[in-house]
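Single-structure report; data block below.
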Amino acid sequence: MLLIHCPYCDETLPEAEFTYAGQAHIVRARTPSDQTDAEWEEFLFIRENVRGPHFERWRHFHGCGRYFNAVRDTVSDRFLTTYKAGEPRPDLSELEGRA
Amino acid sequence: MKTITSLTPAMLADSAAVRVESLGPQGRISLRARGDLSALNGALGLDLPTRIGHRASTEGMEALCLGPDEWVLVLAHDRVDAMLAALGAVYDDHPHSATSISGREVSLLIDGPRAAELLAIACPRDIATIAEGAGRRTVFDGASVVIWHDAPGRFRMDVWNSFASFVAQTLITGARELAAEPVEGG
Ligand SMILES: [Zn+2]
């Protein structure tokens with residue numbers, strides 16, 4: 001089982017308390033009616049599916065209930081960091097240097 | 001399977017290892033708020049703890065911080081309406097959400113020298129991380145529960161009605177296994 005650090009609880013806890021919630025930093029258009037079909041397609045369906053560090057959302061479902069963001073390496077399943085929702089995307093080169 | 005409800009408190013398991021009881025009706029309020037909490041603290045008569053898992057209490061009421069903007073208040077059933085009115089009186093100063101959830105849950109008492117071991121059979125979190133005097137929302141056998149660590153070897157577990165009979169059955173089975181094992185050094 002993975003151990004995941006919740007940035008709100010500030011505790012490292014078993015994966016069973018959390019649910020996965022897809023790729024992070026996907027921003028909904030401020031004026032949806034201005035979007036073309038291709039832009040909607042991109043927003044709704046197109047995801048990165050990276051091999052390596054992946055920016056993704058998790059929710060501390062059986063805990064504080066909060067959504068937060070994480071960087072997880074999809075090859076090793078190792079979490080490089082977690083951070084609160086709304087915080088900027090962390091610098092990947094710094095994270096990989098630390099890992 | 002026996003139906004577990006707060007309407008008919010019952011002894012579910014009782015041995016030298018651990019005792020499990022379902023408790024009677026309990027007043028509960030779910031409170032959501034952000035920002036400067038002083039207006040709410042004034043209405044409640046206590047300082048809401050701002051660290052997740054921490055508790056604060058005053059005469060007849062206890063507050064547990066469940067999330068960055070979420071608390072559960074536990075108090076006598078007949079005081080819930082008055083407390084909601086007191087919170088309502090500061091609503092204009094500090095908009096918030098306060099809802100009675102008294103009927104939503106059953107509280108179970110888990111008490112005895114092996115109480116923490118009983119919780120550990122179906123709780124992936126290390127029970128030792130819930131310090132005495134603290135509490136947490138976590139998962140027990142797939143169901144969201146709130147665990148209160150009240151005293152050494154004494155816990156309370158709040159579980160939604162719809163999961164209560166299932167969770168109680170897991171506790172009964174676990175308690176029976178613990179009772180069948182010789183106590184260490186005994
Ligand atoms: Zn959390």
Side-chain angles (χ1 to χ4, degrees), chain A residues 1-28 30 54-91 95 98-99, chain B residues 30-35 48-55 63-72 96-97 99 101 104-105 116 119-131 134-149 157-160 162-164 166-167 170:
Chain A
M1 188 181 297
L2 299 173
L3 293 173
I4 302 175
H5 184 262
C6 173
Y8 292 94
C9 294
D10 195 20
E11 284 187 288
T12 301
L13 297 162
E15 182 189 356
E17 289 197 0
F18 298 83
T19 51
Y20 178 70
Q23 189 177 318
H25 299 292
I26 292 169
V27 181
R28 188 181 171 87
R30 283 205 175 273
H54 184 232
F55 292 82
E56 58 193 24
R57 300 166 79 217
W58 285 80
R59 184 178 178 211
H60 192 187
F61 184 81
H62 299 292
C64 65
R66 281 302 174 125
Y67 284 92
F68 58 91
N69 293 330
V71 185
R72 180 180 56 94
D73 191 311
T74 59
V75 177
S76 62
D77 228 1
R78 184 195 175 103
F79 279 80
L80 302 179
T81 190
T82 58
Y83 52 104
K84 291 179 180 174
E87 289 181 357
R89 205 186 265 260
D91 184 342
L95 290 175
R98 219 196 296 161
Chain B
S30 169
L31 175 65
R32 307 291 302 257
R34 289 179 184 179
L48 289 167
T50 51
R51 225 184 126 71
I52 294 167
H54 284 213
R55 282 154 69 165
L64 167 63
C65 181
L66 293 176
D69 59 1
E70 182 182 3
W71 293 264
V72 63
H96 62 272
S97 153
T99 309
I101 52 163
R104 188 178 76 176
E105 294 165 18
L119 292 174
I121 65 167
C123 185
R125 170 194 271 269
D126 180 0
I127 297 301
T129 61
I130 308 174
R136 288 292 192 289
R137 184 160 48 203
T138 182
V139 61
F140 184 86
D141 208 2
S144 261
V145 297
V146 173
I147 293 176
W148 305 67
H149 190 177
M157 180 191 283
D158 300 335
V159 52
W160 287 26
S162 51
F163 298 118
F166 169 75
V167 162
T170 304

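Every chain is numbered from 1, with letters handed out A, B, ... down the list of sequences. Hydrogens, waters and symmetry mates are skipped; everything else that's a heavy atom, side chains included, is used.
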Results of salt bridge (Lys or Arg N to Asp or Glu O under 4.0 Å) for A:Asp73 - residues two or more places apart only: none

B:Arg136 vs A:Glu11 side-chain heavy atoms within contact, under 4.5 Å: yes

Answer yes or no: are there more than 12 heavy-atom neighbours, outside B:Arg34 itself, under 6.0 Å from its atom CZ? no

Identify, with sequence neighbours excluded, every residue that meets side-chain contact (heavy atoms from CB on, under 4.5 Å) alongside B:Ala33. B:Leu37, B:Leu40, B:Trp71, B:His94, B:His96

Please identify, among B:Gly142, B:Ser144, B:Cys65, the residue contributing the most non-hydrogen atom pairs under 4.5 Å to chain A. B:Ser144

On a heavy-atom basis, the closest approach of A:Cys64 and B:Ile52 is CB-CD1, 3.9 Å

